[in-house]
Amino acid sequence: MALETPKYEVVTKHDGFETRHYSEMIIATTSVQADYKNSISSGFRRIASYIFGGNDKEMKIAMTAPVISDCPSEGLETFNISFVMPREHTMNSLPKANINNVSIKKEALGRVAVMPFGGWATEARSTAFQKKFVKLLQLNNIETHGGFMVAQFNAPYVLPMFRKNELMVRIN
């Protein structure tokens with residue numbers, strides 16, 4: 001069964017990437033101060049606990065894809081990790097997390113440039129693809145704002161050759 005993903009419209013297609021407009025969504029998010037690998041792991045466990053019933057209503061919430069995190073970059077010491085909540089939920093219907101470091105909020109990504117890549121979204125691979133993506137954006141005269149994000153679509157047990165990831169960045 002396919003997981004629910006955020007709604008978006010493709011605005012333009014380019015060689016190696018596309019631009020999209022995302023609808024507003026609700027996310028469960030947490031911030032972790034650690035290196036990239038440990039931040040992703042710790043942040044994933046925190047939010048997974050929330051959706052598997054670690055909340056004030058002991059409500060189980062369906063898993064969606066992708067898991068979105070900050071892309072590693074020089075000097076970044078804290079990473080935000082987020083799950084998109086299923087569209088059936090509203091801010092009022094979602095329970096409060098049992099732990100203070102998971103928050104529920106609305107997110108409006110708006111216009112975003114997106115570049116897909118496969119394999120594991122390790123720190124080294126994510127930063128290498130980010131460098132390529134920056135060059136593609138510059139070649140197409142697309143201005144970005146904010147940091148890059150990594151969207152991972154697969155469960156941890158999915159083999160590298162079948163994995164789907166995307167780099168995302170807000171654009172003007």
Side-chain angles (χ1 to χ4, degrees), residues 1-6 8 16-18 20 22 25-55 60-86 94 96-109 112-138 144-171:
M1 186 162 85
L3 296 178
E4 181 180 317
T5 58
Y8 64 84
F17 73 99
E18 65 186 22
R20 301 175 182 165
Y22 277 86
M25 61 189 88
I26 299 173
I27 60 170
T29 189
T30 190
S31 295
V32 181
Q33 187 170 1
D35 61 72
Y36 179 71
K37 183 178 180 179
N38 288 318
S39 292
I40 300 304
S41 178
S42 178
F44 182 91
R45 284 193 311 274
R46 284 182 194 171
I47 302 172
S49 172
Y50 168 74
I51 68 168
F52 295 142
N55 55 65
K60 292 190 183 342
I61 301 165
M63 184 72 183
T64 64
V67 174
I68 302 171
S69 65
D70 292 329
C71 188
S73 62
E74 193 172 317
L76 192 60
E77 296 176 359
T78 301
F79 294 87
N80 296 304
I81 298 89
S82 304
F83 285 16
V84 178
M85 295 293 96
L94 285 165
K96 290 182 176 39
N98 287 344
I99 55 176
N100 292 336
N101 51 11
V102 172
S103 60
I104 309 304
K105 64 183 186 176
K106 288 186 178 182
E107 180 68 61
L109 287 177
V112 179
V114 179
M115 183 180 86
F117 69 102
W120 293 107
T122 62
E123 181 170 1
R125 287 178 52 76
S126 297
T127 54
F129 280 105
Q130 181 181 343
K131 288 176 185 172
K132 291 178 184 177
F133 196 15
V134 166
K135 288 179 184 174
L136 286 173
L137 293 167
Q138 289 171 343
T144 66
H145 61 93
F148 283 77
M149 298 164 275
V150 178
Q152 298 183 59
F153 287 82
N154 304 103
Y157 56 80
V158 174
L159 296 172
M161 67 279 262
F162 300 115
R163 297 187 70 78
K164 175 185 174 184
N165 309 295
E166 295 177 337
L167 281 174
M168 306 169 70
V169 64
R170 288 178 174 97
I171 59 175

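Remember, predicted model here, so these are calculated numbers, not experimental data.
Formation of a donor-acceptor pair under 3.5 Å by the T122 side chain with backbone atoms of R125 is found in this model. A donor-acceptor contact shorter than 3.5 Å links the side chain of T127 to the backbone of E123. Using a distance-only test at 3.5 Å, with no hydrogens or angles considered, a donor-acceptor pair links the side chain of S39 to the main chain of D35. For the pair R46 (side chain) and V32 (backbone), a donor-acceptor distance under 3.5 Å is absent. A donor-acceptor contact shorter than 3.5 Å is absent between the side chain of N101 and the backbone of T30. Without hydrogens or angle criteria, K60 side chain to F52 main chain gives a donor-acceptor distance under 3.5 Å.
The nearest pair of heavy atoms linking G16 to P116 is O-CD, 3.9 Å. Between I40 and Q152, the closest heavy-atom pair is CG2-NE2, 4.1 Å. Summarising the geometry of A151 relative to M168, their closest heavy-atom pair is CB-SD, 3.8 Å, with the distance given to 0.1 Å. The shortest non-hydrogen separation linking A113 to I171 is CB-CG2, 3.7 Å. Shown here for G119 and N165, the closest heavy-atom pair between the two residues is O-ND2, 2.7 Å. Considering every non-hydrogen atom in both P156 and W120, the closest pair reads O-CH2, 3.2 Å.
Annotation: the span from Q138 atom CD to T144 atom OG1 amounts to 8.5 Å, rounded to 0.5 Å. Rounded to the nearest 0.5 Å, atoms CZ (F117) and CZ (R163) are 10.0 Å apart. Here the CG-CE distance, from L167 to M115, works out to 5.0 Å after rounding to the nearest 0.5 Å. Atom OH of Y50 sits about 10.0 Å away from atom OG of S103, to the nearest 0.5 Å. One finds the CZ atom of F133 at 9.5 Å from the CD atom of E166 (value rounded to the nearest 0.5 Å).
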For residues 78-86, which side-chain N or O atoms pair as donor and acceptor with protein atoms under 3.5 Å away, sequence neighbours left out?
from: N80; atom 1: OD1; to: S31; atom 2: OG; distance (Å): 2.4
from: N80; atom 1: ND2; to: D70; atom 2: OD2; distance (Å): 3.1
from: S82; atom 1: OG; to: T29; atom 2: OG1; distance (Å): 2.8

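Contact of the L94 side chain with the I26 side chain is registered, since non-hydrogen atoms from C-beta on lie closer than 4.5 Å. Two residues are said to be in side-chain contact when any heavy atoms from C-beta on lie closer than 4.5 Å; V114 and F17 fail this criterion. Taking the side chain as every heavy atom from C-beta outward, V169 and L137 approach each other to under 4.5 Å. Residues Y36 and S126 have side chains in contact (heavy-atom distance under 4.5 Å, counting atoms from C-beta outward). Using a 4.5 Å heavy-atom cutoff, the side chains of Y8 and M25 are not in contact. Residues V150 and Q130 are not in side-chain contact: their nearest non-hydrogen atoms beyond the backbone lie 4.5 Å or more apart. At a threshold of 4.5 Å between non-hydrogen side-chain atoms, the residues K96 and I104 do not count as touching.
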*Show the numbers, then the answer: is there a side chain to side chain contact (heavy atoms under 4.5 Å, CB included) between N154 and F162?*
CA-CA 9 Å; N154 304 103; F162 300 115; over 6 Å; no
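No hydrogens or angles considered: nothing links the side chains of S49 and R45 as a donor-acceptor pair under 3.5 Å.
E107 has a carboxylate O that lies under 4.0 Å from a charged side-chain N of R170, or vice versa, which qualifies the two as a salt bridge.
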